[in-house]
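Report on one structure; see the data block that follows.
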Amino acid sequence: MSKELSKTYNPEENEKKIYRKWEKSGFFNPNKLKLKKNSKPYTITIPPPNVTGELHMGHAMNAFIQDALIRWKRMQGYKTLWLPGTDHAGIATQNVVEKNLKKQGLTRHKLGKKKLLKEIWVWKDKYGNLILEQLKRLGCSCDWSRTAFTMDPDYQKAVKAAFLHFYNKGWIYQGKRVVNWCPRCQTSLSDLELEHKEEKSHLWYIKYPLVKPIGTKKHITVATTRPETMLGDTAVAVHPNDKRYKKFIGQKVILPLTNREIPIIADSILDPEFGTGALKVTPAHSMIDAEIAEKHNLPAIQVISDKGRMTKKAGHKFASLTVLDAREKVIKELKKKKLLEKTKDYTHQIPRCYRCDSAIEPLISPQWFLKMDNLANQAIKAVKSNKIKFHPKRWEKVYFDWLKNIKDWCISRQIWWGHQLPIWQCQNKKTEYFASDKTPKECSVCNKCKPEQIEDVLDTWFSSALWPFATLGWPKQTKDLKEFYPTNTLSTARDIINLWVARMIFSSTELIEKTPFQDVIIHATIFAKNGQKMSKSLGTGVDPLDLIEQYGSDATRFGMLYQALINQDILFSEENILMGKKFANKVWNASRFALMQINKEKIKIPDNPNWKKTTKADKKILKQLNITTKKLDSYLETFQFGKATHLLYDFFWHDFCDKYIESAKKQDNAQTKQILAYVLLNSLKLLHPFMPFVTESIYQQLPFKEKEFLMIENWPK
RNA sequence: GGGCAAGUAACUCAGCGGCUAGAGUACUGCGUUUACAUCGCAGGAGUCACAGGUUCGAAUCCUGUCUUGCCCACCA
């Protein structure tokens, strides 16, 4: 009863209670909604957080956006499904568990594969759903009965089905290529899994003596940032039009420290401006060098191992040294031989593992690739044709730029946690493989041996790419898939536009021949107030759950969405959350006042009111309510959450509280109270997607109408 | 090297051709009027990064410059 309403709004008390009621009601589940006959579905699948994860501000922002949308649509009468779940997040999760084991003095190799996987599953069960619990504190109205995980048994079937589809099309192949190798994680990585960091280093100028001197020239000088790789050089390359080197082309040099003879070749890929214009070619340890080597048919000599140490092929002096030690030694030796011409300071971007920050070692190694040309075109088409729209539109450029210059996707990883490739190796002919989604009874290569499945697992994004449809049951033609697919809206962060969004799009167009969603919202990234990335170690990180504890969930949501304008960055300021808290309190108190009036007189609110004899103030507020409703819809249709919250704030605080409530105090007649109640009820509806808890909690106090939940009330028109 | 975005009050941001450039926070003063001091009223606070240009009129459009952040890229 209203008498019991406290003078100030107490979120802590209300929020947990209300959430429990919602869950109990079952209305998060679309099948339990009471709907009109022809109601259309509206589906969002959540970007599945990693099972390593804790909720950060980006998650919170995204969750608020999705929940606001789904609540709005639910009230509009759609059959709404917001499907939650988590991602096994291959390398990321394995690394976290390995780190944990390290504390106990264990490594994955000591433990072995079976035990490590067991450990990871234990970890997943313990912490994996933590983030989903946290989403409940944010008020997310997900259908928890459909919670999915990217390694569920059904999901595994989807992954195999997708893989076999690509395989049978001939798009999956094995290749020996230079890949990004993380010596710590002991696996290959895709280009998107790298982080480039600036590093101060040197450019070393090394003299390679000519076999036959040309005039006074006794050597050719190459410039390199990685002198240790010279031990694996198989050529020196110059630009064909470079006048300085024309007569060198076709000659040979003696590779210092190894005394191998290697040719001087010409390739137009070179930049004559860089260094000396002559490039040492190390096909086993550089992508560009491998490309040159392929054209010129040069051999590759692997001098660095997958552990990041020099191999025997580097020569006995260097074998088993770390890369950095080898570098030092090479330079020392060169100096001794007077073959080091000079050293220059040089700053460059070096690639690092996005999960463990180790320096990446380009390494030649056998890997599995997915051909991208056809798939990339499908992805381009889906957006060019406007079947999928990005909001804001500018992000389409990022998407197109990547797809236009795409390379084949290296999908194999040498870790243990993930979906093992359904590829089997013939034990008689070890270079022969075949694919099968079940353990094969016999070898389809030799028909004799017992084939073995290869150890590699899939890039974690291969399975994430199937998320919107695998969670609904694909490849089975389930009821859910028929009803809720394609989904409507995807909301996510800009850093996974290519890593994830693009791959979902082509996976869907290829496997299901439908685009997976219509609208892609790329929400602003949240930075600390100083403009830097939020970081725990720098103490600039903000935990959304701390905010919720301090200000309440509604306040946090409202304050954050208030900042969600079309910008691409948000410098987080807590003042906005404070504003949200004050606003929640204002809503609470305006309602408290209205309730006092209404309760006295047992007011009923007509659904389609036909007011008699309205005053100027009455007319004004009713008109403003109408305008606000229409504007709000138009903002939400274009995903402008910031504008929506600004609008509601101004309407409720200034038009309704400051003006109308004040004049209502003076008017004091039965109809005024009805109007007061009517405007309040409709305001609560409009506010609900942005402040679900406090609005629901007030709604539960309203003395009129048969009612269940504000969550499923009719959206005002 | 290429791209994107941003520079407006002390802070975080609106405004994007025409009202004395606005909001929240912070600040100052005054307020116990049947919701709310998490409030109300009033107030101070800004060469709208800089320089040119278009226009009757520019924070807003164009050109250039500077500063900052982010992304992409095989310059060894």
Side-chain angles (χ1 to χ4, degrees), chain A residues 2 5-11 178 180 191-192 194-196 203-204 222-227 229-230 233 236-237 269-282 285-292 346 348-349 351 362 392 394-402 405 407 494-495 497-498 524-525 527-533 551-552 555 559 562-597 600 642-643 645-646 649-650 653-654 656-658 661-662 664-666 668 676 680:
Chain A
S2 65
L5 289 185
S6 63
K7 232 176 160 184
T8 56
Y9 175 56
N10 182 347
V178 174
N180 307 299
D191 290 343
L192 294 175
L194 309 181
E195 254 168 38
H196 289 83
L203 201 51
W204 286 274
V222 298
T224 182
T225 54
R226 302 209 48 190
T229 62
M230 69 170 287
D233 283 3
V236 170
I269 201 168
L270 287 237
D271 173 10
E273 303 290 312
F274 187 89
T276 61
L279 167 75
K280 57 186 272 319
V281 182
T282 323
H285 301 289
S286 153
M287 308 246 179
I288 189 170
D289 294 14
E291 212 175 291
I292 295 170
Y346 187 68
H348 63 155
Q349 303 273 332
R394 62 170 173 268
W395 295 109
E396 287 178 6
K397 196 171 159 26
V398 173
Y399 176 84
F400 288 134
D401 284 353
W402 182 67
N405 303 306
K407 287 192 284 182
R494 63 171 180 247
D495 42 326
I497 290 175
N498 297 324
T525 306
F527 293 87
K529 212 167 182 174
N530 63 5
Q532 308 286 102
K533 269 186 182 170
Y551 300 99
Y562 197 83
Q563 292 183 82
L565 294 138
I566 52 148
N567 39 16
Q568 69 178 33
D569 299 339
I570 289 174
L571 306 195
F572 178 71
S573 89
E574 206 162 316
E575 285 84 56
N576 283 290
I577 312 296
L578 178 62
M579 178 273 300
K581 187 184 177 184
K582 289 186 175 182
F583 186 49
N585 188 60
K586 190 75 178 174
V587 172
W588 178 260
N589 272 297
S591 306
R592 214 157 61 88
F593 174 77
L595 279 167
M596 284 171 177
Q597 310 301 310
K600 268 190 248 167
K643 276 194 174 169
T645 40
H646 280 78
Y649 183 94
D650 289 340
W653 200 304
H654 299 122
F656 186 53
C657 295
D658 290 351
I661 288 184
E662 290 312 313
K665 283 176 186 170
K666 287 169 204 153
D668 194 36
L676 191 65
L680 175 71

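Chain naming here is simple, since letters A, B, ... match the order of the sequence lines and numbering starts at 1 in each.
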Please list, for nucleotides 38-40 of chain B, all pairs of protein and nucleotide N/O atoms separated by less than 3.5 Å.
residue	atom	partner	partner atom	Å
rU38(B)	O2'	Asn585(A)	ND2	3.0
rC39(B)	O3'	Lys586(A)	NZ	3.4
rG40(B)	OP1	Trp653(A)	NE1	2.5

Quick one: pull up CD1 in Ile269(A) and CD1 in Ile292(A) and give me the separation to the nearest 0.5 Å. 5.5 Å
Could you tell me if Lys665(A) sits above the aromatic ring of Phe593(A), with its cationic atom closer than 6.0 Å to the ring centre and no more than 45 degrees from the axis? yes
Quick one: closest heavy-atom pair of [X] and [Y], and the distance?
X: Gly531(A); Y: Leu571(A); result: CA-CD2, 3.7 Å
X: Ile577(A); Y: Ala555(A); result: O-CB, 3.8 Å
X: Asn585(A); Y: Lys7(A); result: OD1-O, 4.4 Å

Among residues at least two apart in sequence or on other chains, which ones pass ring pair (Phe, Tyr, Trp, His ring centres under 6.0 Å) with Phe572(A)? none
Taking only residues two or more places apart in sequence, or in another chain, which ones meet His196(A) in a ring pair (Phe, Tyr, Trp, His ring centres under 6.0 Å)? none
Pairs under 3.5 Å (N/O, protein and nucleotides 1-4 of chain B):
residue	atom	partner	partner atom	Å
rC4(B)	O2'	Gln568(A)	OE1	3.1
rC4(B)	O2	Gln568(A)	NE2	3.3

Counting only N and O atoms by type, is there a donor-acceptor contact under 3.5 Å from the side chain of Trp588(A) to the main-chain atoms of Ser6(A)? yes
Would you mind telling me which of Thr282(A), Asp233(A), Thr229(A) makes a side chain to side chain contact (heavy atoms under 4.5 Å, CB included) with Asp289(A)? Thr282(A)
Pull out every protein N or O sitting under 3.5 Å from an N or O of nucleotides 9-11 of chain B, one pair per line with the distance.
residue	atom	partner	partner atom	Å
rC11(B)	O2'	Lys529(A)	NZ	2.8

Let's see if you can work this out: which of rA76(B), rC36(B), rG69(B) has an atom nearest to the side-chain heavy atoms of Thr225(A)? rA76(B)
What contact category does Glu662(A) fall into here, base, sugar-phosphate, or nothing, at under 4.0 angstrom with non-hydrogen atoms? base
Counting the atoms with a prime plus P, OP1 and OP2 as sugar-phosphate, which does Gln349(A) contact under 4.0 Å by heavy atoms, base, sugar-phosphate, or nothing? base
Dot-bracket for RNA chain B, 5' to 3', Watson-Crick and G-U pairs with both distances under 3.5 Å, [ ] for crossing pairs, | for partner on another strand, reads ((((((((.[[[[.)..(...]]]].(((((.......))))).....[[[[[..)....]]]]])))))))....
Taking atom C1' in both rA23(B) and rG15(B), compute the distance separating them and give it to the nearest angstrom. 11 Å
